[in-house]
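Proteins come first, then strands; the chains are lettered A, B, ... in the order of their sequence lines, and each starts at number 1.
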2 protein chains.
Amino acid sequence: MDAIDKKILATLQEDASLSVAEIGQRVGLSSTPCWKRIQKLEADGVIQKRVALVDQVKIGLGITVFVSIETGDHSQEWLARFADTISAMPEVMEFYRMAGDVDYMLRVVVADMQSYDTFYKKLIAAAPLKNVTSRFAMEKIKSTTLLPIP
Amino acid sequence: MDAIDKKILATLQEDASLSVAEIGQRVGLSSTPCWKRIQKLEADGVIQKRVALVDQVKIGLGITVFVSIETGDHSQEWLARFADTISAMPEVMEFYRMAGDVDYMLRVVVADMQSYDTFYKKLIAAAPLKNVTSRFAMEKIKSTTLLPIP
DNA sequence: GGTGAAAATTTCGAAGG
DNA sequence: CCTTCGAAATTTTCACC
C-alpha cells in the first residue's frame with residue numbers, strides 16, 4: 001500500500017461512483033493500472049464493499065440512541081450468544097465490546113420513541129443485563145465513513 | 001417512496017456495485033424504470049452518495065474510542081464554534097449533540113494510543129470542557145451502514 | 001509496474017403503449 | 001409508469017513496453 005493506493009482509497013471513500021479513468025487522472029495513473037490497483041485492494045479486503053449511503057431522516061428514521069450496557073459476570077458462551085442476538089437486530093448500526101466500566105456500546109437507529117421502546121424491550125428480554133443506559137441524540141453534527149488514512 | 005423504491009434502497013445499501021439491470025431484476029423492473037427511480041432517489045437526496053467502505057484495521061487504524069463530553073454552560077456562538085472545530089478533525093467519525101447529562105458523543109478512530117493521546121490533547125485544547133470520558137473499544141462486533149427501512 | 005487500444009458491459013435517452 | 005431498442009460511455013481484457 002503505497003501513496004497512490006492511499007490516494008485511491010481516499011478518493012473511493014468519498015465517491016465510489018467515479019469512473020476508473022477519472023480516479024486514475026486524480027492520482028496520476030491511466031485507467032488500466034488504476035483499475036488493477038482497485039482490483040487488488042478489493043481482493044485484499046482493504047476495500048470491503050461499495051454501498052449507497054441513505055439519508056436516515058428522509059426514510060423516517062429520526063431517532064439515534066447510544067446505548068451503554070453492563071452485562072455483569074457471564075460465561076464465554078453466554079457472551080457469544082448475547083453478541084449474536086444483538087448483532088441480528090437491524091436497528092443496531094454499531095455494536096462494540098468495550099474496555100472498562102461499560103461492557104458494550106451500541107448505536108441504535110429507530111423511527112420514533114415507540115419504536116425505541118419496542119427495541120428496548122427486545123433488548124432486555126434477550127438477556128438479563130445489569131445496567132442499560134440509553135442516551136438520545138438531539139442533533140447529528142457529523143457522520144462519515146471516510147477514514148483518515150495514516 | 002413505494003415498496004419498490006424501498007427494495008432498491010435496501011439493495012443499493014448492501015451493494016452499490018450492482019448494475020442497474022441486475023437491481024431491476026431483483027426488484028422486478030426492467031433497467032430503464034429502475035434507472036429512473038435510482039436517479040430520482042439521488043436527486044431527492046434519499047441516496048446521499050456512493051462510497052467504498054475500507055477496512056479500518058487493514059489501513060492501520062486499530063483503535064476506536066467513544067468519547068462523552070460535558071461542555072458546561074456556554075453561549076450559542078461558543079457551541080457553534082465548538083461544533084465546527086470538532087467536525088473538522090478527521091479522526092472524528094461521528095459527532096452527535098445529546099439530550100441529558102452528556103452533551104456530546106463522539107466516535108473517534110486512530111492508529112494507536114499515542115495517536116489517541118495526540119487527539120485528546122487537541123480536543124481539550126480546542127475548548128475548555130467540564131468533563132471528557134474516553135471509552136475504548138476492545139472488539140467491533142457489528143458495524144453497518146444498512147439502515148432498517150421502515 | 002506501466003501504456004494504449006480493442007472487446008464486453010453498462011448507462012442513459014428516445015420512441016411508444 | 002412501463003417496455004424495447006440503440007447510441008454513448010465505461011469497464012475490463014489483452015498484447016506489448
Side-chain angles (χ1 to χ4, degrees), chain A residues 1-61 111 143-150, chain B residues 1-61 111 143-150:
Chain A
M1 260 244 313
D2 61 10
I4 294 181
D5 280 345
K6 289 183 184 176
K7 274 193 194 176
I8 291 175
L9 287 178
T11 307
L12 280 176
Q13 280 192 105
E14 292 206 70
D15 187 355
S17 72
L18 296 170
S19 72
V20 174
E22 171 66 28
I23 298 166
Q25 207 153 44
R26 294 196 191 182
V27 305
L29 238 50
S30 60
S31 68
T32 302
C34 184
W35 181 80
K36 280 187 185 168
R37 280 169 181 263
I38 293 171
Q39 292 303 305
K40 178 153 173 52
L41 288 167
E42 282 173 351
D44 293 349
V46 178
I47 295 173
Q48 290 175 318
K49 58 201 305 208
R50 290 147 183 270
V51 300
L53 299 181
V54 167
D55 188 312
Q56 204 179 305
V57 174
K58 288 200 171 137
I59 61 170
L61 294 170
S143 176
T144 184
T145 56
L146 171 61
L147 294 164
I149 304 173
Chain B
M1 262 243 314
D2 61 11
I4 295 181
D5 280 344
K6 288 182 185 176
K7 275 193 194 176
I8 292 175
L9 287 179
T11 307
L12 280 176
Q13 280 191 107
E14 293 206 67
D15 188 353
S17 73
L18 296 169
S19 72
V20 174
E22 171 67 27
I23 298 165
Q25 208 153 42
R26 294 195 190 183
V27 305
L29 237 49
S30 61
S31 67
T32 303
C34 184
W35 179 78
K36 280 189 183 164
R37 279 168 182 264
I38 293 171
Q39 294 301 307
K40 177 153 174 54
L41 288 167
E42 283 173 349
D44 293 349
V46 178
I47 295 173
Q48 291 174 318
K49 59 201 306 206
R50 290 149 182 268
V51 300
L53 298 182
V54 168
D55 188 312
Q56 206 180 303
V57 174
K58 287 200 171 136
I59 60 169
L61 294 169
S143 176
T144 184
T145 56
L146 173 60
L147 294 163
I149 304 174

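Between the side chain of K7(B) and the main chain of I23(B), no donor-acceptor pair closer than 3.5 Å is present. With hydrogens and angles disregarded, no donor-acceptor distance shorter than 3.5 Å links the side chain of D44(B) to the backbone of V46(B). A side-chain donor-acceptor contact under 3.5 Å links Q13(B) to the backbone of L147(B). A distance-only check finds no donor-acceptor pair linking the side chain of K58(B) to the backbone of I47(A) [under 3.5 Å].
Side-chain contact check for L29(A) versus R37(A): some heavy-atom pair is nearer than 4.5 Å.
For DNA chain C, the residues of residues 27-53 of chain A within the heavy-atom distance limit of 4.0 Å (strictly under) are L29(A), S30(A), T32(A), P33(A), K36(A), R37(A), sorted by number.
Minimum interatomic distance between L61(A) and P150(B) (heavy atoms only, all atoms of both residues): CD2-CG, 3.8 Å. Contact detail for D55(B) and V57(B): the closest heavy-atom pair is OD1-N, 3.0 Å.
Open room surrounds NZ on K40(A); 12 or fewer heavy atoms of other groups in view lie less than 6.0 Å from it.
If you measure from atom CD of Q25(B) to atom P of dT4(D), you get 12 Å, rounded to the nearest angstrom.
Read 5' to 3', the first and last nucleotides of DNA chain C with an atom closer than 4.0 Å to a heavy atom of chain B are dT10(C) to dA14(C).
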